[in-house]
Amino acid sequence: MGHWITHYGGRFTSPKIYAKQRGKQIAGYPWRELLVLPMVTLVPGDWIISHWAFWPVFSWQGHQFAILVLPLILGLRFTVFRQAPQQVYHALGRRLIWLALAAIIGIGWSYWRPQDAVWGIIILLVGYVAVLWQAKRYDARQPFWYSQVDDGVRVLAIRPRTPAVKLDLEPGDIILECNHQPVVSETSFYEALLANPAYCHLRVRNMAGELKMTETAIYSGAPHEIGIVLFRDQEG
């Protein structure tokens with residue numbers, strides 16, 4: 001699970017809009033994924049081969065084990081509100097890898113002291129819960145929110161394999177101008193793009209408050225495919 005989360009967590013997490021106090025909207029990045037892996041299990045005894053003689057058998061120290069392949073389901077439900085999602089999942093995945101290494105050491109220890117195996121499993125489960133709790137608590141303590149702004153429009157995500165990848169943008173950046181026109185909403189952003197539908201020039205303020213300029217060519221006649229996910233305009 002640690003390897004899976006480290007390499008795939010946060011690659012592109014679709015933001016979801018949540019209502020905050022005083023009518024303000026914020027964005028969160030939920031990641032709810034399931035992974036099914038084949039798990040090889042050795043079943044002691046001869047019950048399986050007594051019913052199915054063709055079943056593969058593994059012998060070790062005079063004992064027979066039937067080889068059984070079962071689906072191993074891994075899953076994670078986690079929502080990031082105040083950090084870069086990919087950084088969060090990389091850190092979370094690394095902690096789970098360290099926990100897995102501790103589990104391997106525990107397996108070796110239980111070989112010599114089988115009576116400690118139950119305690120080892122309990123410690124690993126507590127460690128797993130503690131890793132998730134620490135990640136959620138750290139995210140909750142950060143001062144930043146992916147919130148709406150009045151002077152521009154907030155970038156929530158960059159879609160892969162789109163022109164936006166070439167722009168020097170990160171989730172959390174605020175687009176102030178597009179094609180030298182001020183923008184204050186998603187609608188005004190695309191209206192500014194239509195002024196030059198084959199090119200995009202942006203004036204941006206990043207999360208550190210620094211201003212930067214960035215530009216790229218876009219799909220001619222299809223500015224809506226630029227690949228920048230923004231806060232949608234409020235209805236009504």
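Side-chain atoms of Asn206 come within 3.5 Å of backbone atoms of Ala208 as a donor-acceptor pair (strictly under, hydrogens ignored). Not a single donor-acceptor pair under 3.5 Å links the side chain of Ser147 to the backbone N or O of Ile26. Put simply, the side chain of Asp139 never gets that close to the backbone of Val80: no donor and acceptor are under 3.5 Å apart. At least one donor-acceptor pair under 3.5 Å links the side chain of Gln142 to the backbone N or O of Tyr138. Arg205 places no side-chain N or O within 3.5 Å of a backbone atom of Leu211 that could act as its donor or acceptor partner. When atom types are taken as modelled, the side chain of His90 and the backbone of Thr6 share a donor-acceptor pair closer than 3.5 angstrom.
Here the side chains of Leu125 and Ile123 are not in contact, with every heavy-atom distance at 4.5 Å or above. Contact check for Ser59 versus Phe65: no side-chain heavy atoms found under the 4.5 Å cut-off. Side-chain contact between Leu176 and Val204 is absent, with no heavy atoms from C-beta onward closer than 4.5 Å.
Between Phe78 and Tyr89, the two ring planes are perpendicular [angle over 60°; tilted spans 30° to 60°].
Open room surrounds NZ on Lys166; 12 or fewer heavy atoms of other groups in view lie less than 6.0 Å from it. Heavy atoms from other residues, nucleotides or ligands lying under 6.0 Å from CZ of Arg32 number more than 12. Counting heavy-atom neighbours within 6.0 Å of Arg159 CZ, excluding the residue itself, gives a total of 12 or less. The neighbour count for Gln87 CD, taken as heavy atoms of other residues, nucleotides or ligands under 6.0 Å away, does not exceed 12. Heavy-atom neighbours of Phe144 CZ from other residues, nucleotides or ligands within 6.0 Å: above the threshold of 12. Taking a 6.0 Å sphere around NZ of Lys212, one finds it holds more than 12 heavy atoms contributed by other residues, nucleotides or ligands.
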Stepwise ring-ring contact (aromatic ring centres under 6.0 Å, His included) test for Tyr18 and Phe81: CA-CA 10 Å; Tyr18 300 85; Phe81 285 101; 5.2 Å; yes
Pair Arg154-Asp173, salt bridge (charged side-chain N to carboxylate O under 4.0 Å, His left out): steps then yes or no: CA-CA 6 Å; Arg154 176 92 65 185; Asp173 287 349; over 6 Å; no
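Smallest separation of non-hydrogen atoms from Pro38 and Val69: CB-CG1, 3.9 Å. Arg113 approaches Asp116 most closely through the heavy-atom pair NE-OD2, 2.6 Å.
Linking Ile, Leu, Val, Met, Phe, Trp and Tyr residues whenever their side-chain heavy atoms come within less than 4.5 Å leaves Val153 and Val149 in two separate clusters.
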